[in-house]
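Report on the following structure.
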Amino acid sequence: MDISDLLDNLNDKQREAVAAPPGPLLIIAGAGSGKTRVLAHRIAYLIRTGEVSPNNILAVTFTNKAAREMRERIENMLNMPVRQMWVGTFHGIAHRLLRAHWQDLGLPQTFQILDSDDQHRTIKRVLKSLELDEARWPPKQVQWWINGQKDEGRRPEYVEHHNAAYELQLVKIYTAYEEVCRRSGLVDFAELLLRAHELLLKNDDILKHYQRHFKHILVDEFQDTNTIQYAWVRLLAGDKNPVLAVGDDDQSIYGWRGAKIENIQRFSQDFPATTTIRLEQNYRSTGNILNAANALIDNNDGRLGKNLWTEGSDGELIKLYAAYNDLEEARYIISSIQSFIEKGTPRHEIAILYRSNAQSRVLEEALLRREIPYRVYGGMRFFERAEVKNALAYCRLVSNPNDDASFERIVNTPTRGIGDRSVQILRDHARQNDLSLWQAANDVLAKKMVTARAGNAIKGFIDIIGNIKLLSEDAELFEIVEHVLHHSTLLEHHKNDKSEKGQMRAENLEELVSAARQYENEEDELSMLDAFLAHAALEAGEGQAGEWESCVQLMTLHTAKGLEFDVVFLSGLEEGLFPHKMSMDEPGRLEEERRLCYVGMTRARQNLTLSYAEIRRLHGTEQYTQASRFIREIPADYVEEIRMNGSAPTAVTSTSYHAASQPEAQGFALGQRVAHQKFGEGIVTSCEGDGSHARVQVNFMDVGSKWLVIAYANLQLI
DNA sequence: GATTTGATGATTTTT
DNA sequence: TCATCAAATC
């Protein structure tokens, strides 16, 4: 058995990890240290040495992309397909377990998956049925709260409410929401994990079976696991199966959605024989970039401790650019990009990273002006588009007519005369008799509870679904989709809309048919239709497909995790924006912002530019900013400050900002520090008017931003 | 049933 | 500022 090819091109630490004897293994893998490589080599090694056969391996990732890449790498290394191996996302694998054990869980065989948009709508409906005001119970927040509870493994009865009215009400909503899901056979994302966990917890024979089955468990991006995911892994591992966890505490940036960085520490406690291996040699970035990133992250407390190093050269200094305002920042970045392109850097090797999506606009406009092709990540994905989801909702009703979320979505889409009055009657009837909307509709018809006209409309809808169902027996998947598009009249409806949007939507629907045509199903417990629907929910589809031509890459720092580029621009390094003001006050959250900055910096291979704007226009008003503390935390040795070139100030002050052309009113310049008797100290952020009406906007340290009439405010200059 | 108006509020995102 | 969304209007 020759395994040398699997170990040859690894450094000592990597080799130690790949060839470790079976047992719990924790790999702390710094950015760019070959983490994915080690994981894939480890699996290939286990298979090649005969330690375990592919179908006894469970490898879990967070994204579908990571799962795909992992499988591909292993297959390339072993030169054979490993279809039997369980490689997938937490949600994907949980889903597979639920499909296999739907009876044990009391789920309908054709249960459907609720994505976050569906969940949001469902919660809105629940709030309405409980007659709660959306202003007091914002659906988004309720959704957030419910998912938070589920991520912690808590069912309504286990929520700690301390008898507080607010919590009690949330529990009530949570309970009602669960009831709706149960009645409709719907499972949301968090529920997939929760159910998969309960399945093992409550059925000892099933647990034993999977414990025997998964002889090796590997978890990628371990710092991103939440409570329930970790509990599930532990359960599966039992006290025999070796678990390999790979992660980096310094790259934990998803705490806000339930990820528990502590899981890394808990791991060695829960699995006492754990071997910990640190991968600290970096193969990605230059010395300067690495040293700067190390220095930055060193400001965080309670790290596991790790210092990246490289054998490569120091490379160029990190550039720091202080722009006059956000437009000028964009202009600098784009002209810098242009010279990189001229010097031969491929466009797709250049990335502009930012903290929040709103920042992309100015950058896009600048790119557009210079006619540089670019791609913004993070838009709407194929299966999330409204028209596609509508078509899928028809499919879902065909498979499971009790799916209330889908029923509500399309009962009157396209409009067919089933107005809100009629739907409300169905809702009431359903709730009073514990029926799904579909059952209620049939019942209402049978009992003639509505006018003839409304009844006919409802009958028409029921017949459409019934008709599609009939035609779909023994039909190919894509034919089912074609039936849906035709009989729902969705396609016709969009084709009649001659606007660009309408045409786009019609095209997307036709694209859905080809997606169905190309779809291949690996799991055989499932009908093609159900498998396709689950696929659509679990893998919302890559961004706009086919746009892989050479483009400058724009994305948020979060999206950039796991990627790397020759040239990286990190923009908007300003207090309040990055670190974001919503995360600045709590130490823990501030540290997460710092990790985010660390992630951003370590994306760069050769060249890193940091920039900020002294004035930024945000939410309509221009605001004075301060350079981010993260800039100060990077030692000056690694940084080269770029000065604005001489012509810039006159060029930018001309037209862009009225505030710039009218910089002061009665001695109050923008940025002037002032003191007010009641409000304390603050900074002038805006001026308007003149004479006795002149007003200034002052951002006070304690009380926030206020408009004051200069004549009355009695402001002191300081 | 489509279109216009007005209020609102605005990190980060995958599944 | 500007996009989104629900209510109001034609």
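Values in this document were obtained by computation on a predicted structure and should not be read as measured data. So that the names make sense, note that chain A is the first sequence line, chain B the second, and so on, each numbered from 1.
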Rounded off to whole Å, could you give me the CG-to-P distance for the A/Asn496 and B/dA2 pair? 12 Å

From CZ of A/Phe62 across to P of B/dT12 the rounded distance in Å is 21 Å

Please determine, for the side chain of A/Lys124, which listed nucleotide (B/dT15, C/dA6, B/dA10) has the closest atom? C/dA6

Between A/His619 and A/Asp115, which has a closest nucleotide on DNA chain B that is more 5'? A/His619

Treat a base pair as Watson-Crick or G-U wobble with both distances under 3.5 Å, then lay out DNA chain B in dot-bracket form, 5' to 3', with | for cross-strand pairs. ||||||||||.....

In whole Å, what is the span from the CD atom of A/Glu364 to the P atom of C/dC2? 14 Å

Closest to the A/Arg617 side chain: C/dT1, B/dT13, B/dT12? C/dT1

Looking across every strand, which nucleic acid part, if any, lies under 4.0 Å from A/Asn64 by heavy atom: base, sugar-phosphate, or nothing? sugar-phosphate

Does the side-chain ring of A/His580 sit on the six-membered ring of the B/dT11 base, less than 5.5 Å centre to centre and under 30° in tilt? yes

Measure from the side-chain heavy atoms of A/Arg381 and tell me the nearest of B/dT12, B/dT11, B/dT15. B/dT15

Any salt bridge between A/Glu134 and A/Lys128, counting N to O under 4.0 Å? no

Taking for each residue the nucleotide of DNA chain B bearing the nearest heavy atom, is the 5' side occupied by A/Gly620 or by A/His493? A/His493

Would you measure the distance from the C1' atom in C/dC2 across to the matching atom in B/dT13 and give it in whole Å? 23 Å

Give a yes/no answer on whether the side chain of A/Thr621 brings an N or O atom under 4.0 Å of OP1 or OP2 in C/dT1. no

Among the nucleotides B/dT11, B/dT13, B/dG1, whichever has the atom closest to the side chain of A/Asn412 is B/dG1

If we only count heavy atoms from C-beta on, is the A/Met555 to A/Arg375 side-chain gap below 4.5 Å? no

A/Gln359 has an atom CD; how far is it from atom P of C/dC2, in whole Å? 16 Å

So what does A/Glu593 touch, heavy atoms closer than 4.0 Å: a base, only the sugar-phosphate, or nothing? base

Is A/Asp248 paired with A/Lys35 through a side-chain N to carboxylate O contact shorter than 4.0 Å? no

Using a cut-off of 4.0 Å on non-hydrogen atoms, how would the nucleic acid contact of A/Ser116 be classed: base, sugar-phosphate, or nothing? base

The side chain of A/Arg361 lies closest to which of these nucleotides: B/dA2, C/dA3, B/dT14? C/dA3

Atom-pair distance (CG on A/Leu186; P on B/dT15), nearest Å: 20 Å

Without decimals, in angstroms, what is the distance between A/Gln119 CD and B/dT14 P? 16 Å

Which whole-number value in Å describes the distance from A/Glu539 CD to B/dT13 C1'? 16 Å

P spacing across the pair C/dC5 / B/dT12, given as an integer number of angstrom: 15 Å

Check whether any side-chain heavy atom of A/Trp232 sits under 4.5 Å from a side-chain heavy atom of A/Ile228, and report yes or no. no

Tell me whether A/Phe189 is stacked on the nucleobase of B/dT14, counting only the six-membered base ring and applying the 5.5 Å and 30° thresholds. no

Got a salt bridge between A/Glu564 and A/Arg603, using NZ or NE/NH1/NH2 to carboxylate O under 4.0 Å? no

Just to be sure I understand the rule, does A/Asn357 reach a base, reach only the sugar-phosphate, or reach nothing, if contact means heavy atoms closer than 4.0 Å? sugar-phosphate

Side chain proximity check, A/Val246 to A/Glu221, heavy atoms < 4.5 angstrom: no

Expressed as a whole number of angstroms, how long is the span from A/Ile113:CD1 to B/dT14:C1'? 14 Å

Is the glycosidic angle of B/dT11 within 90° of 0, making it syn, or outside that range, making it anti? syn

For A/Asp530, does its backbone N or O pair with a side-chain atom of A/Ser399 as donor and acceptor, under 3.5 Å? no

Go through B/dT11, B/dT15, B/dT13 for me and flag the one nearest to the A/Thr89 side chain. B/dT15

Are A/Glu408 and A/Arg121 close enough for a salt bridge, meaning some N to O gap below 4.0 Å? no

Less than 4.5 Å apart, side chain to side chain, heavy atoms only: is that true for A/Leu97 and A/Leu192? no

